[in-house]
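Because only heavy atoms are used, hydrogens play no part in the values below, and waters and symmetry mates are left out as well, while side chains stay in. Throughout, a chain's letter reflects where its sequence line sits, starting with A, and its residues are numbered from 1.
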Amino acid sequence: MVLPLLQDPPQFSRPSPPIQTLPYKPPKNPLNQQSFQENFRIICNFLLSLTRSGSLLKGQALHSHIVKSGIQIIPLVSHHLINLYSKLQRPFDSQFVFEEAPFKSSTTWSSMISTFAQNDLPILALSYFRAMLYNGFAPDEHILPSAVKACAIMSRHDVGMSMHCLAVKNAMNLDVYVGSSLVDMYAKCAELGYARKLFDEMPERNIVSWSGMIYGYAQMGEDNEALGLFKRALEGGLSLNDFTFSSVIRVCGNSTLLELGRQMHSLCVKMNCDSSSFVGSSLISLYSKCGVVENACQVFNEVVDKNLGMWNSMLIACAQHGHTKKVFELFGRMKSCGMKPNFITILCVLYACSHAGLVKEGNYYFGLMKEYGIEPGDQHYASMVDLLGRAGKLGEATKLIKEMPIQPTESVWGALLTGCRLHGNTELAAYAADRILELGSVSSGFNVLLSNAYAAVGRYEEAAKARKMLRDRGVKKETGLSWVEEGNRVHTFAAGERQHFKSKEIYEKLGELENEMELAGYVMDTSQVLRAVGNEEKSEAIRYHSERLAIAFALITFPPERPIRIMKNLRVCSDCHTAIKFMSKCTGRLIIVRDNKRFHHFSGGECSCGDYW
DNA sequence: CTAGGGTTAG
């Protein structure tokens, strides 16, 4: 059978980096072929222990010792050497061992293919897989999962499917390892239908199969399916592990289900999964997204073995909640812990700078990327342009875009456009809009921005065109919604609605509160209401914005000391922002509002964003 | 003696 691989028949001429020569101490009893044959089990066990402890130097020493003794390596030993280098993330050293091995068993092939798959070299993994077939080795249930994994890395479900065929032909599709790897591959390639079909047909399923399926649903935003499967796995008495929890906690975070998330956290503790930094990262993100940054910090402090994901999620949490100083402090601590930032780390820091208007710091961290060998991507540029644009430095922002070594994307020009709108530079806004149009396709979020930009400079025809694009695509303006979790459910509100069973009390409470606020000095600002309506209507529209309804609901239902956490899908309008400040002052409550970009902590008449948002 | 899952941004 011919596999649709991405490369021609494998070439073994890829240069292997030489094994580092170490100070070679001849052993007291020189190793010869006979003693090697007799003692290979001891050697294997020794290699295994070196692999477990990650001792690169000792492993290399033994390797070069064997090489220098001129002994023919037997497959089992080469297999262990390949594994040693694989675990130490030196796949080309593994390849060297493989190529030098005079005898290759299917185990040797297997470890080589899995080495490439584990070290993110999917094309090499598949080339070797094919070479193995050419060399007359039948694929077995140990090798196939690695080959499938390589397909998953490349997001090639077509290639993966040919592996699936191979499994069926060779009667391996019922094997739980093969099945799980295929489920995972289909899930990663967004082919949930295939994944689920296979999953349902598997005669034997273990936690890996379940986790893969749950991960797939979580990835596609099918939260209910993911949670349902998790529940079934839990009820089925499977021993859930940190892999499962990291996916399912992510689901809670994405839907801001704080109470359910807390229950998941408890389960993690119960099942001893709470020390994993993968679970920790999802927990931090969950608590942060739900507005409980204190709990996020707690998780961060409790997990001892912090990986990069942990640091990044903590940085994001602090940035989202406006703890800018803490972001810089954490970044410094990362360095002293020997943790190397990646592109996400930098994005987090830039995000923090942008939300606090810290241009100098932003420039510093942007420059730092070079030092860490991180190539600035379009998102980094977009972030910088956003920072400069918001701070009113439109000239510098434009200069940065002009000097970009890569093609500026829609998000880069969009950031400039936002800055122009904030600072009333209509000319530059129209220029940026032209550049976005030049890129060809405009994503739906940008049409309104473009239309407004053209209208502002009097180019009405283009403004209308931009709006028409939106209509043609059938995109409706997103309805502003606010929601709040109470008891076992989420209460959602739209502006001016009266569907909620406590509507009467909510509107009464708002009226009452408004009087108190006015006494404290609140004056309604209707200038931001765009629709051409009378003043009376304007104040009606603003008075019952969804976040106000949600807050009023919380005020009449929550116990007095409980912080009020509101989620909103759109930006908070400036009048509501002012109003909520007064609300926090008049009621003495802590009110936390998450809009589509960030968090606002209102307390005692002040907001954590410092009115820069 | 060998094999299959994950986190973090927007």
Starting from [atom2] on [N], measure out to [atom1] on [X] and report it in whole angstrom.
X: Met163(A); N: dA3(B); atom1: CE; atom2: P; value: 17 Å
X: Leu240(A); N: dG5(B); atom1: CG; atom2: P; value: 18 Å
X: Ile344(A); N: dG6(B); atom1: CD1; atom2: P; value: 15 Å
X: Asp305(A); N: dT7(B); atom1: CG; atom2: P; value: 18 Å
X: Phe116(A); N: dG4(B); atom1: CZ; atom2: C1'; value: 19 Å
X: Ile207(A); N: dG6(B); atom1: CD1; atom2: C1'; value: 12 Å
X: Asp242(A); N: dG6(B); atom1: CG; atom2: C1'; value: 8 Å
X: His321(A); N: dT8(B); atom1: NE2; atom2: P; value: 15 Å

Spacing of OG belonging to Ser313(A) relative to NZ belonging to Lys289(A), to within rounding of 0.5 Å:
10.0 Å
Nearest-0.5 Å distance that lies between atom OH in Tyr215(A) and atom CZ in Phe243(A)
12.0 Å
Closest approach to the side chain of [X], judged atom by atom: which nucleotide of [options] is it?
X: Gln379(A); options: dT2(B), dA9(B), dT7(B); result: dA9(B)
X: Asp184(A); options: dT2(B), dA9(B), dG6(B); result: dG6(B)
X: Pro145(A); options: dG10(B), dT7(B), dG4(B); result: dG4(B)
X: Ser246(A); options: dG10(B), dA9(B), dT7(B); result: dT7(B)

Determine whether the side chains of Ser209(A) and Asn206(A) contain a donor N or O and an acceptor N or O closer than 3.5 Å.
yes
Report yes or no: is the cationic atom of Lys306(A) (NZ for Lys, CZ for Arg) closer than 6.0 Å to the six-membered ring centre of Phe300(A), at no more than 45° off its axis?
yes
Cation-pi check for Trp613(A) against Arg390(A): NZ or CZ below 6.0 Å from the six-membered ring centre and within 45 degrees of the axis, yes or no?
no
Within less than 4.0 Å of OP1 or OP2 of dG5(B), is there a side-chain N or O belonging to Lys149(A)?
yes
Tell me whether the side-chain N/O atoms of Gln118(A) come closer than 4.0 Å to OP1 or OP2 in dG4(B).
yes
Base of [N] paired with side chain of [X] (donor-acceptor, under 3.5 Å):
X: Ser181(A); N: dG4(B); value: no
X: Asn241(A); N: dG5(B); value: yes
X: Ser276(A); N: dG6(B); value: yes

